[in-house]
2 protein chains.
Amino acid sequence: MTAATPKGERRRQALVEAAAGLLVDGGFDAIRHRAVAERAGLPLASTTYYFDSLDELVTAALEFQGNGELAYGKARLDELDPRECGGDAFIELVLDLLLGPTGDRDAEAVLLRYERLVATGRRPYLRPLMRKLSGELHSLLFDIFARAGQPVSRERVEELIALVDGAVVNALIEISPDPRAAARRMLGKSMQPR
Amino acid sequence: MTAATPKGERRRQALVEAAAGLLVDGGFDAIRHRAVAERAGLPLASTTYYFDSLDELVTAALEFQGNGELAYGKARLDELDPRECGGDAFIELVLDLLLGPTGDRDAEAVLLRYERLVATGRRPYLRPLMRKLSGELHSLLFDIFARAGQPVSRERVEELIALVDGAVVNALIEISPDPRAAARRMLGKSMQPR
DNA sequence: AAGTTAGTGGTACGCACGTACCAGAACGGG
DNA sequence: CCCGTTCTGGTACGTGCGTACCACTAACTT
């Protein structure tokens, strides 16, 4: 169900943003009718009015959040100065794109990203969207390597992404997880010998 | 709460095995009091009698399952003949250890393994156990490389594991996921150039 | 035999969830 | 101004969950 009036559209959008916020804060399981409504400051029934099912709401939230992250990545690409992206700075840039910009509650945000990735396995209806987002991220990374004067093949991009993702999921079981540091280590080792 | 009599111990064990079965079939979320009791053919109250909380039951299930997988890996190590582990066969061996022996419902079983890994992030009480299991798996793999006549450093083991794990989580969003094939590709590329 | 401990199993409580319902308000085109 | 469409929001239903309770039985100790 989509909105028909501008006001309705605004309301619907507020729900999507609230759901996206919940997604970031607590994962897919945090997106519930009542939680979304409360976060958006709207009544419970508005969530079922604008979205036929919870799945539809989840999909909209993921799309909103994914596009936001891609926009962030594109902005980073645009402002990229090839002269000032030495090894370390460049690695941080790649990590920013894959794990999100470094923040205080680092491990938490990263965890969410990988919960999303894995949860797709249980939510086949998200696969098409997830594939699209993932594909655009790969392309973005490909462009960034080229722009930074370190062109790589698409296969190599996939390999580096896999390396980062694997490092992250393995870091999550540490006593005090620091997935970004783990990924940084792996990436450094794999890129340095060139 | 632990059992005090042999019969009680058997009953408790039946619950653990039922919970482990549910873990394999449906992930952590599938471990519920009622489901465990039904699968074990025992009354609901037996689950709360032998386990103070659901977390305790989940922990026991994970430990049981993890130890089972490690035992499988050790068996593979023991029967390993260094003369007949050429490149491809050896890669399959590594995949068997990391993803489980190849079966019919392949993607499903692999998905569960990675849900477990990521879910640890949300269940800090599992971290110590998870770390222990993970450490033993790393050692096992280290030994297997040595036995196969391809000794590698522990760092390299970590890198290969990360590569496989990353390939898997990225494969899970494909239309018809084949994570094992994706991992095989990555592993082949990384090990072939010596 | 009596009494303590361990185990059993049926039942119930309170809660949170997805979803449905519906009377009424707001709105927009004729 | 009026009327059909769009939206609003309070409420309710059914389900499944973790957990608690308790009368009861089996087994073991002294």
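All chains are named by letter (A, B, ...) in the order of the sequence lines, taking the proteins before the strands, and each is independently numbered beginning at 1.
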Side-chain donor-acceptor pair under 3.5 Å between [X] and [Y], yes or no?
X: B/Thr47; Y: B/Arg34; value: no
X: B/Ser176; Y: A/Arg127; value: no
X: A/Gln65; Y: A/Glu69; value: yes

Between [X] ([atom1]) and [N] ([atom2]), how many Å, whole number?
X: A/Arg10; N: D/dC7; atom1: CZ; atom2: C1'; result: 13 Å
X: A/Phe51; N: D/dT8; atom1: CZ; atom2: C1'; result: 16 Å
X: A/Glu56; N: C/dG18; atom1: CD; atom2: P; result: 15 Å
X: A/Leu15; N: D/dG9; atom1: CG; atom2: P; result: 11 Å
X: B/Asp52; N: D/dT19; atom1: CG; atom2: P; result: 10 Å

Under 3.5 Å donor-acceptor, [X] side chain and [Y] backbone:
X: B/Arg12; Y: B/Tyr50; result: yes
X: A/Ser190; Y: A/Leu187; result: no
X: A/Arg113; Y: A/Val24; result: no

Check the interface with nucleotides 13-16 of chain C: list each N/O to N/O pair with the protein under 3.5 Å, or write none.
none

**Report entry** Lys/Arg N to Asp/Glu carboxylate O, A/Arg39 vs A/Glu17, below 4.0 Å
**Finding:** no
Query raised in the report: For B/Glu38, does the CD atom sit with more than 12 other heavy atoms under 6.0 Å from it, leaving out its own atoms?
Result: no
Query raised in the report: Are OP1 or OP2 of C/dC17 and a side-chain N or O of A/His33 less than 4.0 angstrom apart?
Result: no
Please produce a list of atom pairs where a protein N or O lies less than 3.5 Å from an N or O of nucleotides 2-9 of chain C.
| unit_1 | atom_1 | unit_2 | atom_2 | d |
| --- | --- | --- | --- | --- |
| C/dG7 | OP1 | B/Ala4 | N | 3.0 |
| C/dG7 | OP1 | B/Thr5 | N | 3.2 |
| C/dG7 | OP2 | B/Tyr49 | OH | 2.9 |
| C/dT8 | OP1 | B/Arg11 | NE | 2.9 |
| C/dT8 | OP1 | B/Arg11 | NH1 | 2.7 |
| C/dT8 | OP2 | B/Arg11 | NE | 2.7 |
| C/dT8 | OP2 | B/Tyr50 | OH | 2.9 |
| C/dG9 | OP2 | B/Arg11 | NH2 | 2.3 |

